[in-house]
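Below is one structure, written out as structure tokens, with a few remarks after it.
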Amino acid sequence: MMTPLYKYGFFGEEFSLLVAFALGLGFGFFLERAGFGSARKLAAQFYLYDMSVFKVMFTAIVTAMLGVTYLGWLGWLDLDLVYLVPTHLGPQILGGLVLGVGFVIGGYCPGTSVAALATGRFDAVIYALGIFAGTFVYAEADAPRGVRTAVGRRRVRGRRHRSPGLLGRERHRAAVQERAMSLPQLTLNHTSRRRNSPPGSSRAGRTIASSTCAPPPSSRATTFRRPRTPS
Amino acid sequence: MTARLPDPPRSPPTSTGPGSPYLNPYLAGMGLGLVLLAAFVLVGRGLGASGAFSSTLSWLVNLVAPAHAQANLYMQDYLGDGTTHPLKAWLVFEVAGVAAGALFSGLLAGRARFTVEKGPRVSTAIRLLCAFAGGMLMAFGAHLARGCTSGQALTGGALLNVGSWAFMLMVFVGGYAVAWFMRWQWR
């Protein structure tokens, strides 16, 4: 029997959503068991008086890694069909830094905030609202209506003068974020074409699924102008 | 398990209030790892979280201002072509499961209760403000890196993905870099 079962057609998309819920149950259960529904427990990692984050995270990584390796050797798991987030070191390094800062300030990461808000932590609710707000700003900054130019800088300048609907300081922050983001975004677009299709490899399967965490719209690289969608 | 290191100073208690003690971190890690492995074997992808927030946001904006949402390139990707519901996404179901699983575990252990997680020196309002700001930063970081701690660090880490390991190291670099300045919030 070959796995991943879903990619080998053992079940359809509808059932995969049920599987997603079941996997989420396990994920949330162990996150809470480990104490990751508490921002103080998570933040303690950064003050070195509780190393649980390291212990749990790297144990999980090693466990899954061993499983993947052995199942791959046995020929039971087709590793080419397991989705890999493509590597773009620039944006990933910058994103990791920003995310780490947000972790210490906010106390959670997106997954653990869900576990925390489910167990009644009100700060996690506010944190989740912050994620929504940040995503909204990102969406507005990164993907304005109408024309997308290939040259990120020019677009940034143009938008900074217009940027409607954002309050004073927010506007400034959004502009700074935009400028910071446009560069990696461009490199990302350039590299993704090259790396997504290594010659002579059967890795096409890796691009089947969308990204695990924040699905990358691959269409962005090719779209410069999209017609306005009528409402 | 022979020579034990002396216990590090524990100025603030790490278990907050009542409820049974947390599971041994190595056992919890193995549990998480097995769930992750099951995800690879069953569906051929790892776990994630931040994508569910993007789907939900796109859906909400589409409810309030459909024209605006459908004209936004970012949200278009999550709304799709309109044939399927935006919330009918893999990560949305997975994150719903996370909430249910965590609630189950929390109730079982007596740890589920309405409270705000913060250090003793900070007011609730400031803590909530920080939570909001941290959430916003997290969203920027997760979108830059195309993934958060679950999708990049955990999933990509287990697959020995170079970019994911770079991301994971930078998360801790960023965290430790500002930890000293934010210590009033936690200790």
Side-chain angles (χ1 to χ4, degrees), chain A residues 3-4 6-7 17 20-21 24-26 28-30 32-35 39 43 46 50 52 55-56 59-61 63-65 67 81 83 87 91-92 95-102 104-106 109-111 114-115 118-120 123 126-127 130-131 134-135 139 143 145 212-213 217 229 231, chain B residues 14 22-23 25 28-29 31-33 35-37 41 43-46 48-50 53 57 67 70-71 73-74 77 90 93-94 97-99 101-103 105-106 112 114 116-117 128 131-132 134-139 141 144-145 147-151 157-158 163 167 170-171 174-175 179 186:
Chain A
T3 61
Y6 175 56
K7 301 254 168 102
L17 296 178
F21 186 79
L25 278 179
F29 180 84
F30 283 111
E32 209 288 328
R33 285 281 116 171
F46 294 98
D50 184 339
S52 288
K55 290 176 185 166
V56 172
T59 311
I61 287 175
T63 306
M65 195 188 291
L81 291 181
Y83 176 74
T87 286
Q92 278 169 321
L97 267 177
V98 174
L99 198 137
V101 171
V104 170
I105 295 176
C109 65
V114 174
T119 46
D123 49 326
I126 301 295
Y127 179 90
I131 298 184
T135 308
R145 274 165 275 183
T212 326
C213 226
T229 328
S231 53
Chain B
T14 51
Y22 297 123
L23 185 62
L32 272 187
V35 172
L36 182 57
L37 183 61
V41 169
V43 279
R45 62 182 293 176
S50 53
F53 284 92
L57 178 85
Q70 284 157 23
L73 288 178
Y74 178 90
D77 288 313
W90 201 86
F93 277 75
E94 191 235 82
V98 170
L103 179 62
S105 165
F114 293 103
V116 171
E117 294 277 343
L128 294 183
F132 191 83
M136 279 191 84
L137 278 175
M138 180 69 70
L144 271 177
C148 55
T149 10
S150 357
F167 168 85
M170 292 320 280
V171 168
W186 303 114

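Letters A, B, ... are given to chains in the order of the sequence lines, protein chains preceding strands, and every chain is numbered from 1.
Taken from OH in Tyr127(A) to CD in Glu117(B), the straight-line distance is 14.0 Å, to the nearest 0.5 Å. To the nearest 0.5 Å, the span separating OG1 on Thr135(A) from OH on Tyr74(B) amounts to 5.0 Å.
With hydrogens and angles disregarded, a donor-acceptor distance shorter than 3.5 Å links the side chain of Glu94(B) to the backbone of Gly48(B). Judged purely by atom type and a 3.5 angstrom limit, Trp186(B) uses its side chain to pair as donor or acceptor with the backbone of Val104(A).
Among Leu36(B), Val41(B), Leu37(B), Val116(B), the residue making the largest number of heavy-atom pairs under 4.5 Å with chain A is Val41(B). The candidate with the highest count of non-hydrogen atom pairs below 4.5 Å against chain A, out of Gly157(B), Ala139(B), Ala131(B), Ala99(B), is Ala131(B). Top candidate by heavy-atom pairs under 4.5 Å with chain A, chosen from Gly106(B), Ala179(B), Ala28(B), is Ala179(B). When each of Ala34(A), Ala43(A), Gly96(A), Ala64(A) is scored by its heavy-atom pairs under 4.5 Å with chain B, the top score falls to Gly96(A). Counting heavy-atom pairs closer than 4.5 Å to chain A, the top-ranked of the candidates Ala145(B), Ser105(B), Gly163(B) is Ser105(B). Options Leu17(A), Leu97(A), Thr63(A), Val101(A) differ in how many heavy-atom pairs under 4.5 Å they form with chain B, and the most are formed by Leu17(A).
Taking each heavy atom of Tyr83(A) and Arg45(B) in turn, the nearest pair found is CB-CB, 4.5 Å.
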